[in-house]
Amino acid sequence: EVQLVESGGGLVQAGGSLRLSCAASGFTFDDYTIGWFRQAPGKEREGVSFISSSDGSTYYADSVKGRFTISSDNAKNTVYLQMNSLKPEDTAVYYCAAGDPRTVELDLYGVDYWGKGTLVTVSS
């Protein structure tokens with residue numbers, strides 16, 4: 001059974017930090033691009049950051065560049081998202097996703113597997 005299990009969400013004040021984790025199982029981790037989408041209330045789901053499990057290349061949305069860092073531990077089949085200098089506009093449900101290995105910039109149509117999401121709330 002394929003599973004992507006997110007953890008690490010919560011409530012934090014603006015300027016604070018959180019680290020999200022995504023533990024993957026049931027598929028070959030190295031064969032996918034893996035990362036994070038987010039969906040704020042009333043908004044579309046958007047790509048945040050992705051990492052190629054094969055070569056380590058990364059993608060960041062412009063809105064998080066310089067603040068968020070994605071990394072992976074292939075031995076643990078786990079992807080992390082370190083989020084620093086958080087802003088109220090980062091408030092969203094963050095979803096782990098695995099998909100098309102041919103690109104490091106996943107879009108919604110390229111996702112094969114989704115996690116259930118973890119809520120991040122940034123208070124002002």
Chemist: Tell me if a side-chain donor or acceptor on Thr118 pairs with a main-chain N or O of Gly9 at a distance below 3.5 Å.
Modeler: yes

Chemist: So, taking the atom named CZ in Arg67 and the one named OG in Ser85, what distance separates them when rounded to the nearest 0.5 Å?
Modeler: 7.0 Å

Chemist: Checking side chain to side chain contact (heavy atoms under 4.5 Å, CB included) for the pair Val79/Phe29: CA distance, chi angles, key distance, verdict?
Modeler: CA-CA 10 Å; Val79 173; Phe29 189 80; 3.5 Å; yes

Chemist: Working to the nearest 0.5 Å, report the span between CD of Gln82 and OG of Ser21.
Modeler: 9.5 Å

Chemist: For residues Val48 and Val122: do they belong to one hydrophobic cluster (side chain heavy atoms under 4.5 Å, members Ile, Leu, Val, Met, Phe, Trp, Tyr)?
Modeler: yes

Chemist: Locate the shortest heavy-atom distance separating Leu4 from Ala24; write the atom from each residue and the value.
Modeler: CD2-CB, 3.6 Å

Chemist: Is it true that a side-chain atom of Arg38 and a backbone atom of Ala92 form a donor plus acceptor pair closer than 3.5 Å?
Modeler: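 Side chain of Arg38 to backbone of Ala92: no pair is present.
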
Chemist: Are the charged groups of Lys65 and Asp62 less than 4.0 angstrom apart, N to O?
Modeler: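 Salt bridge flag = yes for Asp62 with Lys65.
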
Chemist: Starting at OG1 of Thr91, measure out to CG of Leu86 and round the result to the nearest 0.5 Å.
Modeler: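 Here the interatomic distance stands at 8.5 Å.
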
Chemist: Would you mind listing every ring-ring contact (aromatic ring centres under 6.0 Å, His included) that reaches into residues 30-57, with sequence neighbours excluded?
Modeler: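 Residue pairs passing ring-ring contact (aromatic ring centres under 6.0 Å, His included), neighbours aside: Phe27-Tyr32, Tyr32-Tyr113, Phe37-Phe50, Phe37-Trp114, Phe50-Tyr59.
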
Chemist: With distance as the sole test, does Asp73 use its side chain to make a donor-acceptor pair with the main-chain N or O of Lys76 at under 3.5 Å?
Modeler: yes

Chemist: Could you note down all residue pairs passing disulfide (SG to SG under 2.5 Å) where residues 20-95 supplies at least one of them, sequence neighbours left out?
Modeler: Cys22-Cys96

Chemist: At their closest point, which heavy atom of Ser123 faces which heavy atom of Leu11, and how far apart are they?
Modeler: CB-CD1, 4.3 Å

Chemist: When you measure from the side chain of Ser54 to the backbone N and O of Ser52, does any donor-acceptor pair fall under 3.5 Å?
Modeler: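 Side chain of Ser54 to backbone of Ser52, a donor-acceptor pair under 3.5 Å: no, none is there.
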
Chemist: Tell me whether Val93 is reachable from Leu81 by hopping between hydrophobic residues (I, L, V, M, F, W, Y) whose side-chain heavy atoms are closer than 4.5 Å.
Modeler: no

Chemist: Could you pull out the closest heavy-atom pair between Ala14 and Pro88, with the gap in Å?
Modeler: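 It is CB-CD, 4.1 Å.
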
Chemist: Hydrophobic cluster membership, with links at side-chain heavy-atom distances under 4.5 Å among I/L/V/M/F/W/Y: are Phe68 and Tyr95 in one?
Modeler: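 No: no chain of side-chain contacts under 4.5 Å links Phe68 to Tyr95.
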
Chemist: Which value, rounded to the nearest 0.5 Å, describes the distance between Arg45 atom CZ and Asp107 atom CG?
Modeler: 13.0 Å

Chemist: Find the distance between CD (Glu1) and OG (Ser25) and round it off to the nearest 0.5 Å.
Modeler: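 Answer rounded to 0.5 Å: 7.5 Å.
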
Chemist: Verify, without hydrogens or angle tests, whether Thr33 (side chain) and Thr103 (backbone) share a donor-acceptor contact under 3.5 angstrom.
Modeler: yes

Chemist: Tell me whether Met83 is reachable from Val12 by hopping between hydrophobic residues (I, L, V, M, F, W, Y) whose side-chain heavy atoms are closer than 4.5 Å.
Modeler: yes

Chemist: Over all heavy atoms of both residues, which pair between Asp31 and Pro101 is shortest? Give the atoms and the distance, please.
Modeler: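 Heavy atoms only, the tightest pair is O-CB, 3.1 Å.
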
Chemist: For a 4.5 angstrom cut-off between non-hydrogen side-chain atoms, does Thr69 reach Tyr60?
Modeler: yes

Chemist: Count I, L, V, M, F, W, Y as connected when their side-chain heavy atoms are under 4.5 Å apart, and connections chain through other members. Are Leu106 and Val64 then in the same cluster?
Modeler: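 Result: no, two separate clusters.
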
Chemist: Can you check whether Ala23's main-chain N or O pairs, donor with acceptor, with Thr78's side chain at less than 3.5 Å?
Modeler: no

Chemist: Got a second to check how far Ile34's CD1 is from Ser49's OG, nearest 0.5 Å?
Modeler: 12.0 Å

Chemist: Can you name the nearest heavy-atom pair linking Gln39 to Lys43, along with the distance?
Modeler: NE2-O, 3.1 Å

Chemist: Checking Thr28 side chain against Asp30 main chain: does a donor-acceptor pair fall under 3.5 Å?
Modeler: no

Chemist: Using a strict 4.0 Å threshold on nitrogen-to-oxygen distance, state whether Lys116 and Glu6 make a salt bridge.
Modeler: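 Not counted as a salt bridge, because no side-chain N and carboxylate O are separated by less than 4.0 Å.
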
Chemist: Tell me every residue that passes side chain to side chain contact (heavy atoms under 4.5 Å, CB included) with Ser71, counting only those two or more places apart in sequence or in another chain.
Modeler: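 Ser71: side chain to side chain contact (heavy atoms under 4.5 Å, CB included) contacts with Tyr80.
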
